[in-house]
Amino acid sequence: TPAQILKSDTLTAAYLNANTRYYSEQNGSLVNNSYDNTGDRYMGMVTVSPSSKWSIYAVYLHETKQLSVEGLPETSYNFDMGVIGLKRFF
């Protein structure tokens, strides 16, 4: 759910409890194509627009996954990802 901190800045947070494989989120911003089950997913994104032509964003993603390989014991692990980007509007 986006929350506007300042006039041109946004903060977005999302939680997903899927316990499945191969799905896409409704907004299509992040797609899970992992063979391993995703139990919980937490995502946060901050967007700052210093001008009308530029914006800077940072995304952090944390997932709890279940390793599913035949012949191996099931193992839980965490997957973390961070992205920083610069966007220009034309």
Side-chain angles (χ1 to χ4, degrees):
T1 305
Q4 201 160 7
I5 300 168
L6 301 172
K7 188 173 183 180
S8 60
D9 302 339
T10 58
L11 172 65
T12 306
Y15 171 74
L16 176 70
N17 184 325
N19 198 23
T20 189
R21 305 177 179 131
Y22 307 124
Y23 61 88
S24 61
E25 294 183 22
Q26 185 176 5
N27 62 6
S29 63
L30 295 170
V31 177
N32 179 27
N33 60 358
S34 172
Y35 182 76
D36 297 337
N37 282 349
T38 299
D40 296 309
R41 173 189 281 177
Y42 300 91
M43 193 269 298
M45 183 166 111
V46 176
T47 304
V48 178
S49 301
S51 73
S52 62
K53 293 197 178 251
W54 292 95
S55 70
I56 303 164
Y57 62 91
V59 178
Y60 175 73
L61 175 74
H62 173 82
E63 294 181 342
T64 303
K65 297 182 124 350
Q66 187 75 28
L67 180 65
S68 304
V69 177
E70 192 174 324
L72 294 178
E74 288 192 9
T75 306
S76 294
Y77 67 96
N78 294 323
F79 175 78
D80 296 290
M81 178 183 76
V83 176
I84 298 174
L86 182 64
K87 190 186 309 185
R88 181 167 184 224
F89 303 99
F90 293 95

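Worth knowing before you read on, the calculation uses all heavy atoms, side chains too, and leaves out hydrogens, waters and symmetry mates. Here, residue 1 is the first one in the sequence, and each next residue gets the next number.
- The distance from atom CG of Leu67 to atom OG of Ser76, rounded to the nearest 0.5 Å, is 9.0 Å.
- Asn17 CG to Arg41 CZ: the interatomic distance, rounded to the nearest 0.5 Å, is 11.5 Å.
- Two residues are said to be in side-chain contact when any heavy atoms from C-beta on lie closer than 4.5 Å; Tyr57 and Val83 meet this criterion.
- A 6.0 Å sphere centred on CD1 of Ile84 holds no more than 12 heavy atoms belonging to other residues, nucleotides or ligands.
- Considering all non-hydrogen atoms of both residues, Val59 and Met43 come closest at CG1-SD, 4.0 Å.
- Phe79 and Lys65 make their closest contact through CB-CD, 4.1 Å (heavy atoms, listed as atom of the first residue, atom of the second, distance).
- In this structure, Pro50 and Ser55 approach most closely via the heavy-atom pair CD-CA, 4.2 Å.
- Residues satisfying the ring pair (Phe, Tyr, Trp, His ring centres under 6.0 Å) criterion with Tyr15, sequence neighbours excluded, are Tyr42.
- Judged as a side chain to side chain contact (heavy atoms under 4.5 Å, CB included), and not counting sequence neighbours, the contacts of Thr64 are Asp40, His62, Asn78.
- Looking at Thr12, Leu61, Thr10 one by one, the single match for side chain to side chain contact (heavy atoms under 4.5 Å, CB included) with Met45 turns out to be Thr12.
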